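Because the structure is a prediction, the values reported are computed rather than measured. Convention: sequence-line order gives letters A, B, ...; per-chain numbering from 1.
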There are 2 protein chains.
Amino acid sequence: MTTLAGRGSSPTLDEVAQLAGVSRATVSRVVNGSPKVRPEARRAVEEAVARLRYVPNPAARSLVTRRTDTIALVLSESNTQVFSDPFFARVVRELSAALADTEMNLVLLAARGEREQEKVARYVRQGHVDGVILMSLHSQDTLPAVLAEAQVPLVLSGRPLDGRSVCYVDADNAGGARDATEHLLAGGRRRIATVSGPQDMIAGIDRHAGYRAALEGAGIGPDPALVAAGDFTEAGGARAMAALLEQAPDLDAVFVASDAMAVGALRTLREAGRSVPGDVAVVGFDDAAAAATSDPPLTTVAQPLDEMTRHMTDLLLRQVEGDEEVQARVCPTRLVVRASA
Amino acid sequence: MTTLAGRGSSPTLDEVAQLAGVSRATVSRVVNGSPKVRPEARRAVEEAVARLRYVPNPAARSLVTRRTDTIALVLSESNTQVFSDPFFARVVRELSAALADTEMNLVLLAARGEREQEKVARYVRQGHVDGVILMSLHSQDTLPAVLAEAQVPLVLSGRPLDGRSVCYVDADNAGGARDATEHLLAGGRRRIATVSGPQDMIAGIDRHAGYRAALEGAGIGPDPALVAAGDFTEAGGARAMAALLEQAPDLDAVFVASDAMAVGALRTLREAGRSVPGDVAVVGFDDAAAAATSDPPLTTVAQPLDEMTRHMTDLLLRQVEGDEEVQARVCPTRLVVRASA
DNA sequence: GACGGTCGTGAAAGCGCTCTCACGACCGAT
DNA sequence: ATCGGTCGTGAGAGCGCTTTCACGACCGTC
């Protein structure tokens, strides 16, 4: 009776067993909630566990179970700013809520730059986690392929460019963009411009495709003067909007591929003396917090983020349980009509 | 020669040893970079490792080494929005940069709400990580104490209320606030108000204390009408500023305890027709990105975030190596003078 | 040519846990 | 009384790795 848990000297199953007067096996059963234990023995073990402040060693455990009971949310993005994306925060929130009453733990892994990506890949390949939810924004990102090859349960957040045989969940970006653009058409707009997202991101590509599809559906051909690329930031949106006003002064509406950019675009329009929605109707994308508080409040496309996250969790846990089926889920978006269009 | 790494069947040390024609011990030595291996043998092992795509099993390894080679950055905050804090993003960036050429991995753990805190505590106590950097914003948060008691190497980001015997790194919040306020005094202001941060956060408390200290130093007594509490958000800052204008219409300066709130305050002042810095001088805190782009650009207090993060990493790794010494570091801030004061 | 020293290596003992298997105790049915 | 069955339990075999220890091989030295 000397050492009281100095650092590094935690009690083992054996010690608990000895104190409780049973075998290791029985302690293990109690700890893991097996029903096949006499109540009496169970109580003795529980008491010993409490007395010794016993905590099972996960390394030893997972050495035999081949499970770690943790999954990783990895964010593959050189731009750390993406952390600031409320999108990301909501996913984290929903994810840990979904895991709250599971045995599963959640860890976040940031993979900016090549070296960190390699480190993350190694971490995953070593079997530190039972599964991965991967948010990869850029289409040329190699991490998705690397992880897919690592044979670890994997769900992608966002459609991969090459989407065969990998499980993913995404919003219907193209459909949402089409709805948004059709809403502008329905409002009688004809010179509909777009501030698109970066064309190396799937979301940017798909939203742009939806915009084009809507115009095409209305018999309107593409006009390069009505397209400016942004970078999903507010400043970028402002710049792109300025370029559009230059290129096509006669535009009467603009579909902006993200709310952050839309807020920038609104500022540019205000500064240029164009009224919204009077002179120019504006629709954004994301239904970000800023959309509701902007001036005027932004009509935008909402993604069912919580539903998407639940699906991701669901698909991942199912894979962890051994389900081999590869599924993808594309979730419908919803147009939120406010004052800007 | 049948199975090629189906899920769950990774090659073991033994197999590598067999293929290389050496013993497990030698393979282990090669893998861990021991110098005591003949170059010839080393080459054989390396080849076998490559052929088999051997990856060491970290569970087995840490079962014997008692190390996990990963540290956790835990964010204890019910408000997930804090993720969006660029502060946080910078810490993550700097931290993983510091760890990049180490063996150490970095995982982020989010602990909102009580249940998640418990999960995180359990995770840490189980020995999943070698050390923890803990960002805990609220003074009544129990996680710091829980982790401190868990005997795991720990560094706090931000001064704890009760700071004995726990390692922490913080900016000199009080000193920075004092500098800011003295800058206002030096500019001839006398009716200096403050939008303080929440008084249940150390940063809020310390910054408020610095503000009071500066006034006191100038022989100016406290005036409750000149104080309004914000919540570190832009909207909160706007509200608090409105309250101040109500309570003390004659104010000629305001020290705002965060840039986010300062941006809101600027908006309120603009809407109230007060010119900045003509009628009212404004100083913020944090040197956030928004500070440089606000209208007018914000004079603010910059924290040496990168330096602070390096210190945290440093102190933590040293503890992991076995250093028992408990240290705290308070880093000096820097006043960044722009147009608002 | 015998001697103490390195040096590289392999055998083997665990690390703390799970889980199969065998075993005795006890049940009700025959 | 005898038997198949269930039930709770413990002994023990690993899981894949690191690390100590002992052991030859080989060196230069006297």
So with a 6.0 Å cut-off around CD of B:E103, is the heavy-atom count from everything else above 12?
no

[options]: which one has an atom nearest the side-chain heavy atoms of [X]?
X	options	value
A:V64	D:dT18, D:dG14, C:dG10	D:dG14
B:L13	D:dT18, C:dG16, C:dG10	D:dT18
A:V37	D:dT9, D:dC17, C:dG16	D:dT9
A:R24	D:dG10, D:dA13, D:dT18	D:dA13

Is the base of D:dG10 touched by the side chain of A:R29 through a donor-acceptor pair closer than 3.5 angstrom?
yes

Side-chain N,O ([X]) to OP1/OP2 ([N]) below 4.0 Å:
X	N	result
B:T65	D:dT18	no
A:S23	D:dT9	no
A:T26	D:dG10	yes
B:N57	D:dC15	no
A:T12	C:dG16	no
A:R66	D:dG16	yes

Does any donor atom in the side chain of A:H128 or A:Q126 lie under 3.5 Å from an acceptor atom in the other side chain?
yes

Under 3.5 Å, is there a donor on one side chain and an acceptor on the other for A:D200 and A:S139?
no

Over how many whole Å does the gap from [X] atom [atom1] to [N] atom [atom2] extend?
X	N	atom1	atom2	answer
B:R38	C:dT6	CZ	C1'	15 Å
A:Q18	D:dG10	CD	C1'	14 Å
B:L52	D:dC17	CG	C1'	16 Å
A:D14	C:dG14	CG	C1'	12 Å
B:Q126	C:dC15	CD	C1'	17 Å
A:R43	D:dT9	CZ	P	12 Å
B:K36	C:dT9	NZ	P	11 Å
B:L63	D:dG16	CG	P	12 Å

State, with a plain yes or no, whether a side-chain heavy atom of B:L108 is found less than 4.5 Å away from one of A:V107.
no

Would you say A:N32's side chain and A:S34's backbone share a donor-acceptor pair under 3.5 angstrom?
no

Hey, does A:P58 reach any base, or is it just sugar-phosphate, or nothing, if we go heavy atoms under 4.0 Å?
nothing

Using a cut-off of 4.0 Å on non-hydrogen atoms, how would the nucleic acid contact of A:A41 be classed: base, sugar-phosphate, or nothing?
sugar-phosphate

Taking the basic N atoms (NZ, or NE/NH1/NH2) and the acidic carboxylate oxygens, is any pair closer than 4.0 Å for A:E77 and A:R112?
no

